[in-house]
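One structure below.
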Amino acid sequence: MPAIHSSLNFYLKPLFLSHSSISFSKFAIPKQVLSPRNLCALASAESAASHNGGRSGALSPPTVTEELQRIDVNPPKGTRDFPPEDMRLRNWLFHNFREVSRLFGFEEVDFPVLESEALFIRKAGEEIRDQLYCFEDRGNRRVALRPELTPSLARLVIQKGKSVPLPLKWFAVGQCWRYERMTRGRRREHYQWNMDIIGVPEVTAEAELISSIITFFKRIGISESDVGFRVSSRKVLQEVLRCYSIPENLFGKVCIIIDKIEKLPLDVIKNDLKSAGISEEAIEELLRVLSIKSLTELEEILGGAGEAVADLKLLFSLVENFGYSDWIQFDASVVRGLAYYTGIVFECFDRDGKLRAICGGGRYDRLLSTFGGDDIPACGFGFGDAVIVELLKEKGLLPELDLQVENIVCALDHNLQGVAATVATILRGKGQSVDLVLESKPLKWVFKRAARINAQRLILVGNTEWQKGMVGVKILSSGEQYEIKLDELE
């Protein structure tokens, strides 16, 4: 019996993969003993024996399970891993997002990635509805992975109510999810930088937001020759539609259609507008106005008394004071695809025309009431992490972000490993980064390691030096070497 037991113990391991694939021709073990039914019985007997004081070493074959398969090591389609080199780039980008926000006096906020589905389907627009990652949770609640950050911001503002004084200047850097067709710079998950101003009705808020984006571009080496801003106002469309007695409830739908004007043939746009209930005469006038690229020409058509022209003229005047006139241009076709925008809208584009919009935003004065709150004037923008990285690649502006560690500490004798750990602790306590060699390694390996992590100096703990209470130091950039007492090591 012991012989059979040892054979079973050794040869039943492949049953985790497939019991039918084992050849028994070399073993004197009856096949019926190895049938799945008998194996289960043996396992049950083993369990019963152990519960009844039986020997723990009794016969216990492995549980027969489904065939194990190698998993796909790639992340789900449209998502990304961030190995160290990519994480360094992401951290660099986020640092610049946060630093610009700080320079403009904004406070950071964040929201759950998982939100109520209703938050995104009330006023966001049909495209967002179709792109939601949404499901019913175990509490029978409809939830969704956030596709953008602005509705979550609105929810938080309503929640805080009058406990926070206006104006609010908040920013966020968060992950967003959309199930959409992937192109260059477009994924199904991305990180987004949002800056929002709540409680300021004047277009000075939009001017400030555009200024913050331009400040960001300048920090990372992007100039007005690389990118520009197209600016318009939703009120332009409203004034045109009002002339043709188009119902107010069709406005959002018209904006969503117009937002696709550069992506779809003109005939398709016309047919979609006609299907939405817009007359042919109104469609022709609408398309004529949308082709305007001059604020002066717009004023000639709409007159100077309307809010649309007045807001835009004030914005362009403020732009001159901020000093970024070369960055922006009027373009009546810019409406943005989200239904909640109400006034000034803008988007940033690359002047070579190789990429999709880099960022975009505008005014959304009536968003809060769609969630049951009191309307507060507000505006903001969203800036994704994917397109800007593509632009930096295109322009050869990606920073070199190699791993850099200030010290590498190595014990030259295994018995001195504890001393090396003490040296590392002292230096870390002084705010210095330390890569501690955790194994006994030859010096050749240590030097290669130091070069790979771009260490500034090598600290060696050897018997001779340590007997004097000292350690050896080598400055790796110059080759300078010296010994120093541990308490003098800086």
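Pairs engaging residues 195-220 under the salt bridge (Lys or Arg N to Asp or Glu O under 4.0 Å) rule: Glu206-Arg363 [sequence neighbours left out]. Among residue pairs with one or both ends in residues 370-382, none qualify as salt bridge (Lys or Arg N to Asp or Glu O under 4.0 Å); sequence neighbours excluded.
Leu298 CG to Ser232 OG: the interatomic distance, rounded to the nearest 0.5 Å, is 7.0 Å. Considering CG of Leu398 and CG of Leu391, their distance stands at 9.5 Å, rounded to 0.5 Å. Remark: Phe135 CZ to Arg141 CZ distance equals 10.5 Å, nearest 0.5 Å. Atom-to-atom distance recorded for Leu312:CG and Leu302:CG is 10.0 Å, nearest 0.5 angstrom. Considering CD of Glu115 and CZ of Arg146, their distance stands at 7.5 Å, rounded to 0.5 Å. Considering CG of Asn91 and CG of Leu401, their distance stands at 9.5 Å, rounded to 0.5 Å.
Between Ile198 and Leu166, the closest heavy-atom pair is O-CD2, 3.9 Å. Contact record, Val446 with Cys410: CG2-SG, 3.6 Å, taken as the closest heavy-atom pair. Arg351 approaches Asp326 most closely through the heavy-atom pair NH2-O, 3.3 Å. Here the closest non-hydrogen pair linking Leu114 and Leu145 is CD1-CD2, 4.1 Å.
Partners of Phe383 according to the ring pair (Phe, Tyr, Trp, His ring centres under 6.0 Å) rule, which considers only residues two or more places apart in sequence or in another chain, are Phe97, Trp193, Phe216, Phe217. For Trp327, the ring pair (Phe, Tyr, Trp, His ring centres under 6.0 Å) test picks out no residue, with sequence neighbours left out. Looking at residues two or more places apart in sequence or on another chain, you find a side-chain hydrogen bond (donor to acceptor under 3.5 Å, both in side chains) between Ser333 and Asp331. Residues satisfying the ring pair (Phe, Tyr, Trp, His ring centres under 6.0 Å) test with Tyr324, not counting sequence neighbours, are Phe322. Here Glu189 pairs with Arg80 under the salt bridge (Lys or Arg N to Asp or Glu O under 4.0 Å) rule; sequence neighbours left out. For Asp402, there are no side-chain hydrogen bond (donor to acceptor under 3.5 Å, both in side chains) partners, not counting sequence neighbours. For Glu284, the side chain to side chain contact (heavy atoms under 4.5 Å, CB included) criterion is met by Lys270, not counting sequence neighbours. With sequence neighbours left out, the side-chain hydrogen bond (donor to acceptor under 3.5 Å, both in side chains) criterion links Arg102 to Glu99. For the side-chain hydrogen bond (donor to acceptor under 3.5 Å, both in side chains) test, no residue two or more places apart in sequence or in another chain qualifies with Lys160.
By the neighbour-count criterion of 12 heavy atoms within 6.0 Å, atom NZ of Lys293 is densely surrounded, having more than that number from other residues, nucleotides or ligands. Counted within 6.0 Å of NZ on Lys448, heavy atoms from surrounding residues, nucleotides or ligands total 12 or fewer; the atom is thus considered open. Counting non-hydrogen atoms of neighbouring residues, nucleotides and ligands closer than 6.0 angstrom, the OH atom of Tyr179 reaches no more than 12 such neighbours.
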Checklist line | Ser223 vs Asp226, side chain to side chain donor-acceptor pair (under 3.5 Å): CA-CA, chis, key distance, verdict | finding: CA-CA 5 Å; Ser223 72; Asp226 300 315; 3.3 Å; yes

Next item on the list: Assess whether salt bridge (Lys or Arg N to Asp or Glu O under 4.0 Å) is satisfied between Asp352 and Lys395, documenting all intermediate values.
Entry: CA-CA 11 Å; Asp352 291 338; Lys395 301 296 180 181; 3.0 Å; yes

Notebook entry, point to check: Can you list the steps and then say if Phe104 with Phe171 is a ring pair (Phe, Tyr, Trp, His ring centres under 6.0 Å)?
Noted result: CA-CA 10 Å; Phe104 280 73; Phe171 82 95; over 10 Å; no

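For the pair Arg155 and Phe371, the cation does not sit on the ring face, since its NZ or CZ is not both under 6.0 Å from the ring centre and inside 45° of the axis. Both tests do not hold together for Arg234 against Tyr341: distance to the six-membered ring centre under 6.0 Å, angle to the ring axis within 45°.
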Could you give the side-chain donor-acceptor pairs of residues 105-113 under 3.5 Å, partners two or more places apart or in another chain?
{"from": "Glu108", "atom 1": "OE1", "to": "Arg98", "atom 2": "NE", "distance (Å)": "3.1"}
{"from": "Glu108", "atom 1": "OE2", "to": "Arg98", "atom 2": "NE", "distance (Å)": "3.0"}
{"from": "Glu108", "atom 1": "OE2", "to": "Arg98", "atom 2": "NH2", "distance (Å)": "3.0"}

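Panel note: side chain Arg356, backbone Val387; no donor-acceptor pair is recorded below 3.5 Å. Under a 3.5 Å cut-off, the side chain of Arg336 and the backbone N or O of Val345 do not form any donor-acceptor pair.
Of the N and O atoms on the side chains of Glu406 and Ser433, at least one donor lies less than 3.5 Å from an acceptor on the other residue.
Residues Arg242 and Glu239 are not paired through a salt bridge, judged by the lack of any N-O separation under 4.0 Å between the basic side chain and the carboxylate. Electrostatic pairing of Asp385 and Arg187 does not count as a salt bridge here, judged by no charged N lying under 4.0 Å from a carboxylate O.
Of the residues listed (Met195, Gln192, Glu347), the one engaging Phe381 in a side chain to side chain contact (heavy atoms under 4.5 Å, CB included) is Met195, and it is the only one.
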